[in-house]
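Just so you know, these numbers come straight off a predicted model, no measurement behind them. Values reported hereafter were calculated over all heavy atoms of this structure, with side chains retained and with hydrogens, waters and symmetry mates removed.
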Amino acid sequence: MDFLRGAGHFAGPALVFAAHPDDETVGASSLLPRLPEVTIVHVTDGAPRDRRWWGAPETASREEYARVRREELRAALALAGISPGRLRTLRLADQEASLDLAGLARRAAEVLRELRPALVLTHPYEGGHPDHDAAAFAMRSALYLLRAEGAALPALVEFASYHARSEGLATCEFLPAAGGEEVEAVLTETERTRKEAMLACFATQRETLARFPTDREQFRAAPAYDFTRPPHAGTLNYERFGWGCTGAEWRARAREALEALGTGEAPC
């Protein structure tokens, strides 16, 4: 975990496996310039089918909105020295990543086999967004599949994003989890200025991104999860908004995927 504390560049290929364009900036902007061999894979194109959730509602179509989101992403990551050639997307619609969790896990495994990263950064399972939880599920299940093949596994690290709490939204902090060593990265003035500039590139997400701090980021070694149980008691953040499914529906999809993948209740 020394690398996460700011000790130089990470030596080796790295993968950021994020749900939406901007998640990588919110959660790990301070690390991106220190990952010279990074590939960033987005599960979705950032464009929901429901126009109510578009940050640019005047956009003509979902495909056009996805193009706008992609341009925002490229502009932001250019500030971190990351070229478009290091960006990929699995092209799922925003809010739909959990519709086929087994299929998503298999696609994640294909990415791992191709890129062979030494480090993977992804989301925690916290009920903040169903796509965040889908990314967490898919990467852990992909690691299970590779382990069954006898392949070498990368280090798995999570970046904090958001989850529900009784008084509203918790940002840039994790839910408590056993076995996950946490590291707080306090951003330097240069890192903070760069993160603010990167976030400003996501004009369609301005209102949402204003809730996140720019002076610190949180990382941790990924803990074990039981994806068939709620990540916390009470209402999940995405249940407050109707982003594609309820927690019960998400967990039913997870159970089906675990059975299809043959991983049992805890893939990794």
Side-chain angles (χ1 to χ4, degrees), residues 1-40 42 72-73 75-82 86 117-129 132 135-136 139 154-202 205-223 231-232 237:
M1 300 287 280
D2 287 343
F3 162 70
L4 301 177
R5 297 184 175 93
H9 287 66
F10 181 78
L15 168 65
V16 177
F17 192 74
H20 314 108
D22 77 21
D23 286 335
E24 75 300 317
T25 301
V26 169
S29 72
S30 66
L31 294 187
L32 298 179
R34 297 194 284 118
L35 298 171
E37 298 181 63
V38 68
T39 300
I40 300 177
H42 290 100
E72 292 176 338
L73 174 70
L77 292 183
L79 298 177
I82 297 173
R86 292 194 172 274
L119 170 70
V120 175
L121 290 158
T122 195
H123 297 273
Y125 172 57
E126 297 191 325
H129 194 293
H132 291 186
M139 186 48 61
L156 184 60
V157 172
E158 298 177 340
F159 51 83
S161 52
Y162 59 84
H163 59 267
R165 60 183 174 193
S166 57
E167 65 272 26
L169 190 70
T171 61
C172 195
E173 63 181 65
F174 290 109
L175 285 171
E181 179 190 355
E182 295 187 16
V183 173
E184 179 176 78
V186 178
L187 275 61
T188 66
E189 182 177 353
T190 298
E191 290 171 337
R192 187 167 60 250
T193 299
R194 181 175 58 235
K195 180 166 187 170
E196 290 169 353
M198 291 174 70
L199 291 174
C201 292
F202 297 101
Q205 310 303 304
R206 183 177 294 111
E207 182 177 349
T208 297
L209 297 180
R211 303 176 183 180
F212 292 88
T214 58
D215 62 340
R216 66 190 185 280
E217 294 172 351
Q218 297 280 348
F219 304 96
R220 73 178 175 193
H232 62 77
N237 183 68

* To do: Kindly indicate whether the side chain of L121, heavy atoms from C-beta on, has any atom under 4.5 Å from the side chain of V157.
  => yes

* Measure the shortest side-chain to side-chain distance between P213 and T171 over non-hydrogen atoms and say whether it is less than 4.5 angstrom. => yes

* Search all heavy atoms of V16 against all heavy atoms of E24 and return the closest pair with its distance. => CG1-CB, 4.0 Å

* Verify the ring-centre separation between H129 and H20: is it less than 6.0 angstrom? => yes

* Asked: Which heavy-atom pair separates A136 from Y125 by the least distance, and what is that distance?
  -> CB-N, 4.1 Å

* Structure fact -> Closest heavy-atom pair, P21 versus F202, reported as atoms and distance to 0.1 Å, is C-CE2, 4.0 Å

* Any side-chain heavy-atom pair of H163 and P231 under 4.5 Å -> no

* May I ask you to test the V26-Y162 pair for a side-chain heavy-atom distance under 4.5 Å? => no

* Asked: Pick from E217, R194, R192: which one makes a side chain to side chain contact (heavy atoms under 4.5 Å, CB included) with S29?
  -> E217

* **Enclosure of R165 CZ (heavy-atom neighbours >12, cutoff 6.0 Å)** => yes

* Side-chain heavy-atom pair Q218, E182 within 4.5 angstrom cut-off -> yes

* **Atom of L77, atom of M198 and distance for their closest heavy-atom approach** => CD2-CE, 3.9 Å

* Asked: Do you see a donor-acceptor pair shorter than 3.5 Å between the side chains of E196 and T214?
  -> yes

